[in-house]
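A note on names: the letters A, B, ... follow the listed sequences, proteins ahead of strands, and every chain is numbered from 1.
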Amino acid sequence: MESMKQRNKGGSRRSRISALIVDDDAVVRKIHMMMLERLFNMDAKTVSDGNEAVDMHRCGANFDIIFMDKEMPIMDGHEATKELRGMGVKCLIVGITTRANGKDGEEFLAAGSNYCFEKPLDRTKIERVLQDHPNFTTT
Amino acid sequence: MDVGQMQRQWIDYTKSLFLEGFLDGQFLQLQQLQDENNPDFVVEVVSLFFEDSERLLKDLTFALDQNGVDFKKVDAHVHQLKGSSSSIGAQRVKNACIAFRNFCEEQNTDACLRCLQQVKQEYCLVKNKLETLFRLEQQIVAAGGSIPTELSFSG
């Protein structure tokens with residue numbers, strides 16, 4: 001994907017993966033933030049609603065990966081995903097829901113997310129995303 | 001009780017919480033995120049979970065007490081509780097929420113009320129268990145010991 005950090009051909013220092021956590025639940029935001037920063041050395045930020053994520057991008061923010069909750073007040077995750085894709089945002093979007101199989105998953109993927117995982121997000125799921133995209137570095 | 005005995009007690013107690021299904025592997029992941037730079041991470045996250053859950057249980061009690069129950073609202077609260085309980089590994093609360101959501105879809109008020117009681121009961125149980133675990137940790141630290149980092153389920 002074009003917007004991703006490309007493998008550095010010269011071998012010089014690579015920057016950290018930037019991640020945005022979009023979730024209305026403060027417990028989840030805190031856990032995901034810690035997990036991404038501690039286990040994967042990502043530079044993580046959080047917002048509590050899909051609309052905030054869209055606004056951030058309208059203001060020029062840019063991330064490598066967005067971890068997007070499904071059900072949120074004001075704007076749900078799949079709606080925000082659709083909006084972001086419509087704006088030309090090409091980063092990885094990982095949908096997270098309490099019901100990944102079925103309607104939630106279909107809505108997320110149809111909206112343009114690259115993955116849809118069942119809550120809770122854990123180390124194995126994040127590793128799977130990173131393994132699929134070896135351009136990313138966690139060191 | 002010396003530090004070694006308290007540490008063994010902590011290990012046995014933690015194991016019992018997993019074996020009885022109160023906690024699942026997600027809680028282990030939280031414990032692994034805690035280190036000397038963030039020594040209170042688990043307590044902080046679990047305290048947030050307690051605050052959120054109590055607010056949600058109050059909102060659910062109110063929502064199910066109305067004449068015309070707004071099941072969409074009830075479902076949204078249960079969804080949130082399911083998400084946070086699964087994120088801290090409170091497995092029995094999460095499972096109670098799964099059953100609850102099914103009855104929300106059916107718009108079955110009586111079954112939802114029974115589920116609410118079940119969720120409240122599971123929440124109180126896991127809250128008491130975790131508070132006991134944290135008290136034990138405080139006693140270990142106060143006695144100059146450290147919290148065991150390895151949990152073996154083989155023995």
* **Partners passing salt bridge (charged side-chain N to carboxylate O under 4.0 Å, His left out) against B/E105 (at least two apart in sequence or in another chain)** => A/R99
* Asked: Which region of A/D23, side chain (C-beta onward) or backbone (N, CA, C, O), has a non-hydrogen atom less than 4.5 Å from a non-hydrogen atom of chain B, or is it both or neither?
  -> neither
* If you group Ile, Leu, Val, Met, Phe, Trp and Tyr by side-chain heavy-atom gaps below 4.5 Å, do B/I147 and B/L28 land in one group? -> yes
* Asked: Among residues 55-64 of chain B, which residues come closer than 4.5 Å to chain A, judged by heavy atom distances?
  -> none
* Asked: Which atom pair, heavy atoms only, marks the closest approach of A/V28 to B/S84?
  -> CG2-CA, 4.4 Å
* Shared hydrophobic cluster, B/I140 / B/Y13 (ILVMFWY, side-chain heavy atoms < 4.5 Å) -> yes
* To do: Could you state whether A/L109 and A/I66 fall into the same hydrophobic cluster, counting links through intermediate Ile, Leu, Val, Met, Phe, Trp or Tyr residues with side-chain heavy atoms under 4.5 angstrom apart?
  => no
* By a 4.5 Å heavy-atom criterion (distance strictly below it), what part of A/L121 contacts chain B: side chain, backbone, both, or neither? -> backbone
* Among B/H79, B/Q29, B/K82, which has the most heavy-atom pairs under 4.5 Å with chain A? -> B/H79
* Asked: Taking atom NZ of A/K45 as the centre, does the number of heavy atoms from other residues, nucleotides or ligands within less than 6.0 Å exceed 12?
  -> no
* Structure fact -> Whatever's closer than 4.5 Å to a heavy atom in chain A on B/Q26 counts as side chain
* Which of A/D122, A/I96, A/T97, A/I31 touches chain B most, by non-hydrogen pairs under 4.5 Å -> A/I31
* Asked: B/D75: what forms a side-chain hydrogen bond (donor to acceptor under 3.5 Å, both in side chains) with it, not counting sequence neighbours?
  -> B/R101
* When A/H32, A/M34, A/K119 are compared by non-hydrogen pairs under 4.5 Å with chain B, the top option -> A/M34
* Asked: Considering residues, nucleotides and ligands other than A/K125, do more than 12 of their heavy atoms fall under 6.0 Å from its NZ?
  -> yes
* To do: Answer yes if B/I11 and B/V141 sit in the same cluster of Ile, Leu, Val, Met, Phe, Trp and Tyr residues linked by side chain heavy atoms under 4.5 Å apart, and no otherwise.
  => yes
* At a heavy-atom separation under 4.5 Å, does A/R123 approach chain B through its side chain, its backbone, both, or neither? -> both
* Does B/I98 belong to the same Ile/Leu/Val/Met/Phe/Trp/Tyr cluster as B/F71, with side-chain heavy atoms less than 4.5 Å apart forming each link? -> no
* **Portion of B/L33 that has a non-hydrogen atom of chain A nearer than 4.5 angstrom** => both
* Proximal component of B/D35, with respect to chain A [non-hydrogen, under 4.5 Å] -> both
Can you give each donor-acceptor pair under 3.5 Å made by side-chain atoms of residues 39-48 of chain B, sequence neighbours left out, with the distance rounded to 0.1 Å?
from: B/E44; atom 1: OE1; to: A/K30; atom 2: NZ; distance (Å): 2.9
from: B/S47; atom 1: OG; to: B/V43; atom 2: O; distance (Å): 2.7

* To do: Would you name the heavy atoms of B/S86 and A/P120 that are closest together and state the gap between them?
  => O-CG, 3.4 Å
* Structure fact -> Bottom line for B/I88: the part with an atom under 4.5 Å from chain A's heavy atoms is both
